[in-house]
Amino acid sequence: MFQKKEDIYRISGEALAQLGSVDLLINNASYLGATPLRLLADTDCEDFAQVLETNVLGPFRLTKAILPSMLLQKHGTVLNISSDAAINPYPKWGAYGTSKAALAHLTRIWSEELREHGVRFVALDPGDMNTPMHAAAIPDSDPTQLSDPHTAALRLLDLISKEGVS
């Protein structure tokens, strides 16, 4: 989670200074909100705002900072990590699900707006992974039934490298 929105300038500046350009941006921001998860009606407005800030505005800001480089080189891919909670309404996942649905829709809009400029936008769900965030959300889940984050990352990279994924 970004401490301040101004961190985006440092992050994007360092990436561009070290790499010269960015061909692939992976927005992996994710914040559930207060745990244990609460019903949406019991979610504090400040917690809801923080989830939206992290899961939607953070990727939006970083993409806007990196996008000019991709537009100048006329290619690039922005991968936004989504969730099945963006589509399926799970009780107590309201803030998170809303934020990931907004991110998925933002991805589709950018895809339509910038397709002819050579920049591709993709939102993918890596599935349930064995992470501290998942354990906080579902403490009684069986970690052996969850994907390893490293394996999920390799699978996502393979998916986006294939022609026609959008």
Side-chain angles (χ1 to χ4, degrees), residues 1-33 40 48-90 93-131 133-134 137 146-166:
M1 190 167 34
F2 297 112
Q3 296 300 315
K4 299 177 287 192
K5 66 182 180 181
E6 293 79 18
D7 289 348
I8 296 298
Y9 303 114
R10 179 187 51 77
I11 292 166
S12 61
E14 287 175 4
L16 292 170
Q18 290 181 20
L19 302 172
S21 65
V22 174
D23 297 323
L24 173 63
L25 171 61
I26 300 175
N27 285 313
N28 191 33
S30 204
Y31 176 60
L32 290 171
L40 194 54
F48 191 81
Q50 189 175 12
V51 171
L52 292 173
E53 177 76 29
T54 302
N55 298 353
V56 182
L57 289 176
F60 177 78
R61 286 185 178 115
L62 188 54
T63 300
K64 279 188 56 118
I66 297 294
L67 191 56
S69 171
M70 290 180 172
L71 291 171
L72 284 172
Q73 61 191 16
K74 296 185 169 101
H75 75 276
T77 298
V78 177
L79 169 59
N80 290 321
I81 301 299
S82 190
S83 167
D84 63 331
I87 299 166
N88 300 309
Y90 299 122
W93 289 75
Y96 181 80
T98 299
S99 71
K100 290 300 185 173
L103 182 64
H105 196 66
L106 179 71
T107 303
R108 291 189 297 272
I109 292 169
W110 259 336
S111 181
E112 288 299 316
E113 291 179 349
L114 297 173
R115 180 183 324 270
E116 65 189 45
H117 299 283
V119 180
R120 185 170 62 151
F121 286 82
V122 182
L124 294 173
D125 171 14
D128 291 344
M129 292 186 290
N130 187 11
T131 63
M133 189 175 92
H134 191 280
L146 303 172
S147 296
D148 173 64
H150 180 76
T151 303
L154 292 174
R155 186 174 49 81
L156 289 174
L157 287 174
D158 185 52
L159 282 172
I160 63 169
S161 69
K162 294 181 178 173
E163 195 62 35
V165 172
S166 60

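It should be emphasised that the depicted structure is a prediction, and the values quoted were computed from it without experimental measurement. Each residue takes its place number in the sequence, starting with 1.
Looking at Trp93 and Thr98, their side chains never come closer than 4.5 Å, going by heavy atoms from C-beta outward. Under the 4.5 Å side-chain criterion, counting only non-hydrogen atoms from C-beta, Leu103 is not in contact with Asn55. Between Ile109 and Glu113, some side-chain heavy-atom pair lies under the 4.5 Å cut-off. At least one side-chain heavy atom of Trp110 sits under 4.5 Å from a side-chain heavy atom of Phe60. Between Leu71 and Leu67 there is a side-chain heavy-atom pair separated by less than 4.5 Å. Considering only heavy atoms from C-beta on, Leu146 comes within 4.5 Å of His134 through its side chain. In this structure, the side chains of Leu156 and Ile26 stay at 4.5 Å or more apart for every pair of heavy atoms. Taking the side chain as every heavy atom from C-beta outward, Phe48 and Ser99 never approach each other to under 4.5 Å.
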| Given Leu106 and Phe121, is the side-chain contact (heavy atoms from CB on, under 4.5 Å) satisfied, shown in steps? | CA-CA 9 Å; Leu106 179 71; Phe121 286 82; over 6 Å; no
| request: Report the C-alpha distance between Gln73 and Asp23 in whole Å, list the side-chain angles of each, state the deciding distance to 0.1 Å, and finish with yes or no for side-chain contact (heavy atoms from CB on, under 4.5 Å). | output: CA-CA 9 Å; Gln73 61 191 16; Asp23 297 323; 3.2 Å; yes
| Step-by-step side-chain contact (heavy atoms from CB on, under 4.5 Å) determination, Met133 to Leu32 | CA-CA 8 Å; Met133 189 175 92; Leu32 290 171; 3.4 Å; yes
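Applying the salt bridge (Lys or Arg N to Asp or Glu O under 4.0 Å) test to pairs two or more places apart or on separate chains, none has a residue in residues 73-82. Counting only residues at least two apart or on different chains, the salt bridge (Lys or Arg N to Asp or Glu O under 4.0 Å) pairs with a member in residues 12-22 are Arg10-Glu14.
When all heavy atoms are compared, the tightest approach of Gly127 to Arg155 is N-NH2, 4.4 Å. Minimum interatomic distance between Ser12 and Ile66 (heavy atoms only, all atoms of both residues): CB-CD1, 3.6 Å. In terms of heavy-atom proximity, Ala15 sits nearest to Val22 at CB-CG2, 4.4 Å. Heavy-atom minimum distance, Pro68 versus Ala65: CD-O, 3.6 Å. Closest non-hydrogen pair, Ala29 versus Lys100, comes out as O-NZ, 3.0 Å.
Side chain of Gln50 to main chain of Tyr31: no donor-acceptor pair is present (N/O by atom type, distance under 3.5 Å, no hydrogens or angles). At distances below 3.5 Å, not a single donor-acceptor pair connects side-chain atoms of Arg120 with backbone N or O atoms of Ser111.
For the atom pair CG (Leu114) and CE (Met70), the distance works out to 10.5 Å, reported to the nearest 0.5 Å. One finds the CG atom of Leu24 at 11.0 Å from the CG atom of Leu19 (value rounded to the nearest 0.5 Å). For the atom pair Asn130 CG and Ser147 OG, the distance stands at 9.0 Å (nearest 0.5 Å). To the nearest 0.5 angstrom, Leu62 atom CG is 10.5 Å from Asp7 atom CG.
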Side-chain donor-acceptor distances from residues 78-87 under 3.5 Å, at least two apart:
unit_1, atom_1, unit_2, atom_2, d
Asn80, OD1, Asn27, ND2, 2.8
Asn80, ND2, Thr107, OG1, 2.7
Ser83, OG, Ala85, N, 3.0
Asp84, OD2, Tyr90, OH, 2.5

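The pair Arg61-Glu53 meets the salt-bridge criterion, with a side-chain N (NZ, NE, NH1 or NH2) lying under 4.0 Å from an Asp/Glu carboxylate O.
Dense packing is recorded around NE2 of His75, with more than 12 heavy atoms of other residues, nucleotides or ligands lying under 6.0 Å away.
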